[in-house]
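This chain uses plain numbering: 1 for the first residue, then up along the sequence.
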Amino acid sequence: MRYVVLDTETTGLSPADGHRIIEIAAIEVVNRSVTNNTYQVYINPKRLVEPEAYDVHGISDEFLSDKPVFEEIVEEFMSFVSGSEVIIHNAPFDVGFLDMELARLKRPAFGESVNGIIDTLTMARRLHPGKRNRLDDLCDRYAIDKTARTLHGALIDTQLLAEVYLAMTRGQNSLLDTESTKKVSGLSKAEGSSDFLSVPVTLADEDELAAHNQYIESLESIEGVKSIWSKVD
């Protein structure tokens, strides 16, 4: 399964007020492993950055002045995310800006080009009701090192969010991680695919098999027919 963890930085808080995207970053997660496949770009918004926004991310108008506009990067960006599930913290914010930028170019909404959007803020509120669930808070909660995050930046935030998401969903994979299970053998990896994820199987012991056979025999006696299990060699 391929996921893309995504974040943006903007000139202000609302696309309805004419604010624009100035940075996009995305990183790939495959089979619960963060890969080296990343996408990151700064964008000239053709407008000024609000002082309050600059205080958050530190990206200046001068720095952005020679960067490409959104139209120049949209194909490469959409190629990176298309067909994947996308993980975003506070997804309505980023998706709202992406939809605005795409609409300016008369392109379909962001959600129509990806295989679903996962909002980690919604997940965190469900897992930790009544607690603060900003990205900083989640890093602290899951003991993720965020010392490199002196300012908000799309790339560092995606890296941290990927670790947060994997930590929040680790319990869903306990059956895959337990040492009491035995892995299926004899399964090969498809050519050109990502690393094969072996599925563990817990095998029945002799007492469990004997009890199962006794139960099947009693059913056959009552029904007067042989069960499908007895027909399998």
Next on the checklist: Looking at every heavy atom in both L161 and H89, which two are closest together, and how far apart are they?
Outcome noted: CD2-N, 3.5 Å
Checklist entry - Does a side chain donor of either D94 or T8 reach within less than 3.5 Å of an acceptor in the other side chain? => result yes
Checklist outcome for this item: Closest non-hydrogen contact found for E72 with P68 is OE1-CA, 3.3 Å
Checklist entry - Is it the case that T147 and D145 place a side-chain donor and acceptor less than 3.5 Å from each other? => result yes
Next on the checklist: If hydrophobic clusters are built by linking Ile, Leu, Val, Met, Phe, Trp and Tyr wherever their side-chain heavy atoms come under 4.5 Å apart, do V30 and I88 end up in the same one?
Outcome noted: no
Next on the checklist: So that I can tick it off, tell me whether E23 and K67 are bridged by a salt bridge, with the cut-off set at under 4.0 angstrom between side-chain N and carboxylate O.
Outcome noted: no
Checklist entry - Is I21 close to E9 at the side-chain level, that is, under 4.5 Å between some pair of heavy atoms? => result no
Checklist entry - Can you name the closest pair of heavy atoms from T10 and A53 and give their distance? => result O-CB, 3.8 Å
Checklist entry - Should M123 and T169 count as side-chain neighbours, where that means a heavy-atom distance under 4.5 Å? => result yes
Item to check | R2, CZ: over 12 other non-hydrogen atoms inside 6.0 angstrom | outcome: yes
Item to check | Path from I156 to V34 over hydrophobic side-chain contacts below 4.5 Å | outcome: yes
Item to check | From D137 atom CG to Y142 atom OH, the distance as rounded to the nearest 0.5 Å | outcome: 11.5 Å
Checklist entry - Hey, what do you get for OG1 (T120) to CZ (R126), rounding to the nearest 0.5 Å? => result 11.0 Å
Next on the checklist: As an exercise, state the distance from CG of L138 to CZ of R134, rounded to the nearest 0.5 Å.
Outcome noted: 9.5 Å
Next on the checklist: Could you report the tightest heavy-atom contact between A109 and L102, atom names first, then the distance?
Outcome noted: C-CD1, 4.1 Å
Checklist entry - Are I144 and I118 co-members of a hydrophobic cluster defined by side-chain heavy atoms under 4.5 Å apart? => result yes
Checklist entry - Where is the tightest heavy-atom contact between L64 and I43, given as atom of each residue plus distance? => result CD2-O, 3.5 Å
Checklist outcome for this item: For D61, the side-chain contact (heavy atoms from CB on, under 4.5 Å) test, sequence neighbours excluded, returns L48, V49
Next on the checklist: Determine whether a donor-acceptor pair (N or O, by modelled atom type, separation under 3.5 Å) exists between the side chain of D7 and the backbone of V5.
Outcome noted: no
Checklist entry - Is there a chain of hydrophobic side chains (I, L, V, M, F, W, Y, each step under 4.5 Å between heavy atoms) that links M100 to V81? => result yes
Item to check | Nearest-0.5 Å distance, CG of residue D136 to CZ of residue R141 | outcome: 11.5 Å
Checklist entry - Residues two or more places apart in sequence or in another chain: which of them pass side chain to side chain donor-acceptor pair (under 3.5 Å) with E50? => result R47
Checklist entry - Do V114 and L121 sit in the same hydrophobic cluster, where Ile, Leu, Val, Met, Phe, Trp and Tyr count as joined when their side-chain heavy atoms come under 4.5 Å apart? => result no
Checklist entry - Taking T11 as the fixed residue, which of H57, R20, K46, H19 is the one that meets the side chain to side chain donor-acceptor pair (under 3.5 Å) rule? => result H19
Checklist entry - Side chain of N31, backbone of S33: donor and acceptor closer than 3.5 Å? => result no
Next on the checklist: Minimum heavy-atom separation for F97 and G12, please, with both atom names.
Outcome noted: CZ-O, 3.5 Å
Checklist entry - Using 30° and 60° as the class limits, which term best fits the ring planes of F110 and F77: parallel, tilted or perpendicular? => result parallel
Next on the checklist: Counting only heavy atoms from other residues, nucleotides and ligands, does the tally under 6.0 Å from CD of E76 exceed 12?
Outcome noted: no
